[in-house]
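In what follows, residues are counted from 1 in the order of the sequence shown.
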Amino acid sequence: MGAQPPARAPVRRPRNRKEQIVTAATDLFCERGFHNVSMADVAAAVGITAGSLYRHFRNKHDLLRNVVDTSLAAVDARIAAAEDIDELLRESANGTTARRTAATVWQREARHLPEEERRAFRDELLRAGRGASALVRAERPELDADDTELLAWAVLGVFGSVATHRVSLPKRRFARLLVDLGRAVVDCGLGSSDESNEESETTNAAESALLSSRENLLNEAVRLFDQRGFQSVSTDEIGEAAGTSGPNIYKYYPSKTDLLVAAVMRAGERRRAVTVAALKEPGDAPTHLDLLLRSYIGFAVENRHLLGVLVSELDQLPDRERRLARQTQREYLGLWVNLLREVRPDLDVPATRIVVHAVLTVIDNLVRTGHVGARHDLAERLQEICTAVLFAGGAKDQ
């Protein structure tokens, strides 16, 4: 009788398997977008079978729910545990450099959840914002609640900006720079404004009523793409929002994708126009940097939904248009980096890129954040906050 083969030891699943899955899904959703990632992709990234993955999560939406919840819980925990704003800045810097993609999940991918769940996560994010506002208020008691809230969201934007790029520095230096940028926001001097935007809102409403059918369809598509994501919006929903039917879209646009291409082109054209106008003005490098900042803030404030599409939906474009849009984005960022380097030779290129991304992310986030984005003086306050960020950090971080 032959020798029996040795019994194979049972394979034990690691106790942190669920955490591994959530981490892998977070990275994939941020890199490719929720709709471009399958459960099989996530399973392969973890090194397990799809069947094993379904033992932990019922479906992809269940997985996304856990990903968003984990991301927001980490932010909320840092805020709740911080005794003062300095501790929050330090812990946020260390946490975001360790898990850079997390912020993208609740900024972009949470839109693909059902409305009830989106509402719950928005409430959770607002609670985190209120917690951060309380820490800013303790540091800046002379400011009113609206201004401390504005600064708190700008601080969160600084740390969320690391999810928008892959630029890196040595860990301690990276964290130190982020702390300095966050501190610049907290210490920023804010002016005041008594202007009202009622007239402009009335004018915009009147102009909207006179839009052509083609323009109306594009505007409603842009709004829905920004709020819910391209893949989550149907042509019937776009048609209904524009006061017509879904099939009527095809009189003006061959497909839903053509609406997205038109939106991205529109956003690029408007940004390019204000940039060219700003840099045509006479002046030295600091003057041009100030004008470039003003031009982008103006573009962002006046084109919130177009900006949302430009920030979040490029991955949904056809290959050719996506490459062109990405190249345009790189050139625009390069313009910022070159100009800031001319003004701030104390910053090397990686640090300059990190500062630029922080500035643009603060603007992108605040113009699209609830009633903060509805402030009639938002453009002026963003100019002050982002100027402070542009000139934060420096030689000590080299």
Side-chain angles (χ1 to χ4, degrees), residues 33-36 61 107-123 196-274 298-318 321-322 325 364-376 378-379:
F34 172 73
H35 287 286
N36 296 326
H61 276 90
Q107 290 172 345
R108 188 185 75 190
E109 302 306 322
R111 298 175 302 162
H112 304 302
L113 291 169
E115 174 58 30
E116 183 177 349
E117 293 174 359
R118 293 202 307 272
R119 191 181 305 114
F121 283 127
R122 280 196 299 269
D123 290 343
S196 171
N197 65 339
E198 291 181 3
E199 181 178 350
S200 63
E201 288 180 348
T202 302
T203 302
N204 289 340
E207 290 176 351
S208 296
L210 298 175
L211 288 174
S212 68
S213 296
R214 180 184 178 88
E215 283 294 296
N216 193 34
L217 280 168
L218 180 58
N219 285 347
E220 291 301 326
V222 166
R223 180 180 63 81
L224 290 172
F225 292 162
D226 177 33
Q227 292 175 344
R228 293 168 48 197
F230 173 77
Q231 292 280 9
S232 299
V233 176
S234 70
T235 54
D236 285 341
E237 289 169 323
I238 296 170
E240 181 180 359
T244 184
S245 65
N248 277 340
I249 290 177
Y250 303 118
K251 294 180 181 178
Y252 307 98
Y253 298 93
S255 68
K256 189 176 74 164
T257 297
D258 289 289
L259 274 165
L260 178 60
V261 171
V264 172
M265 290 180 62
R266 173 72 55 85
E269 289 165 358
R270 290 185 179 179
R271 187 178 66 181
R272 186 182 310 110
V274 298
F299 161 76
V301 168
E302 294 171 12
N303 299 277
R304 289 175 171 86
H305 292 308
L306 270 178
L307 175 65
V309 172
L310 198 61
V311 168
S312 301
E313 300 301 324
L314 296 189
D315 287 339
Q316 304 302 321
L317 291 168
E321 286 78 6
R322 183 172 63 252
D364 294 347
N365 287 2
L366 264 62
V367 300
R368 299 163 59 227
T369 299
H371 66 276
V372 171
R375 287 181 59 136
H376 67 272
L378 182 61

Residues that R119 engages under salt bridge (Lys or Arg N to Asp or Glu O under 4.0 Å), provided they are two or more places apart
E115
side-chain contact (heavy atoms from CB on, under 4.5 Å) partner of L260, chosen from V233, V309, L218:
V309
Note: A267 and F299 closest approach over all heavy atoms is O-CE1, 3.6 Å
I would like to know whether D258 and S255 meet side-chain hydrogen bond (donor to acceptor under 3.5 Å, both in side chains); could you show each step before the answer?
CA-CA 5 Å; D258 289 289; S255 68; 2.7 Å; yes
Which of these, R266, R304, H305, sits in a side-chain contact (heavy atoms from CB on, under 4.5 Å) with V222?
H305
For L314 and A325, work out which heavy atoms get closest and say how close.
CD2-CB, 3.9 Å
So how far is it from N303 CG to R271 CZ, rounded to the nearest 0.5 Å?
11.0 Å
Separation between CG (N216) and OH (Y252), nearest 0.5 Å, reads 10.0 Å
Between F34 and H112, what is the ring plane arrangement, given parallel below 30°, perpendicular above 60°, and tilted in between?
parallel
Please determine whether the number of non-hydrogen atoms from other residues, nucleotides or ligands lying under 6.0 Å from atom CD of E269 exceeds 12.
yes
Listed by chain and number, what are the side chain to side chain donor-acceptor pair (under 3.5 Å) partners of R214, not counting sequence neighbours?
none
Residues in side chain to side chain donor-acceptor pair (under 3.5 Å) contact with Q316, at least two apart in sequence or another chain
Q231
Exercise: identify the closest heavy-atom pair between R223 and A241:
NH2-CB, 3.7 Å
Shortest non-hydrogen contact from I238 toward L259:
CD1-CD1, 4.0 Å
So do Y253 and V261 actually touch side chain to side chain, heavy atoms under 4.5 Å?
no
Identify, with sequence neighbours excluded, every residue that meets side chain to side chain contact (heavy atoms under 4.5 Å, CB included) alongside V311.
L307, D364
With heavy-atom distances below 4.5 Å as the criterion, would you say the side chains of T244 and L217 are in contact?
yes
Quick one: does R111's side chain have a donor or acceptor within less than 3.5 Å of a partner on D226's backbone?
yes
L113 and H61 have their tightest heavy-atom pair at CD2-O, 3.8 Å
As an exercise, state the distance from CG of L224 to CG of N219, rounded to the nearest 0.5 Å.
11.0 Å
For E237 and S234, indicate whether the former's side chain and the latter's backbone hold a donor-acceptor pair under 3.5 Å.
yes
pair R118-Q227: side-chain heavy atoms closer than 4.5 Å:
no
Nearest non-hydrogen partners of L306 and A263, listed with the distance:
CD2-O, 3.3 Å
Between K256 and I249, is there a donor-acceptor pair closer than 3.5 Å when you use the side chain of the first and the backbone of the second?
no
Partner set under salt bridge (Lys or Arg N to Asp or Glu O under 4.0 Å) for R322, not counting sequence neighbours
D319
Not counting sequence neighbours, which residues clear salt bridge (Lys or Arg N to Asp or Glu O under 4.0 Å) with E240? List them please.
none
Rounded to the nearest 0.5 Å, how far does CG of L317 lie from CZ of F230?
8.5 Å
Please check: side-chain N/O of R368 versus main-chain N/O of N365, any donor-acceptor pairing under 3.5 Å?
no
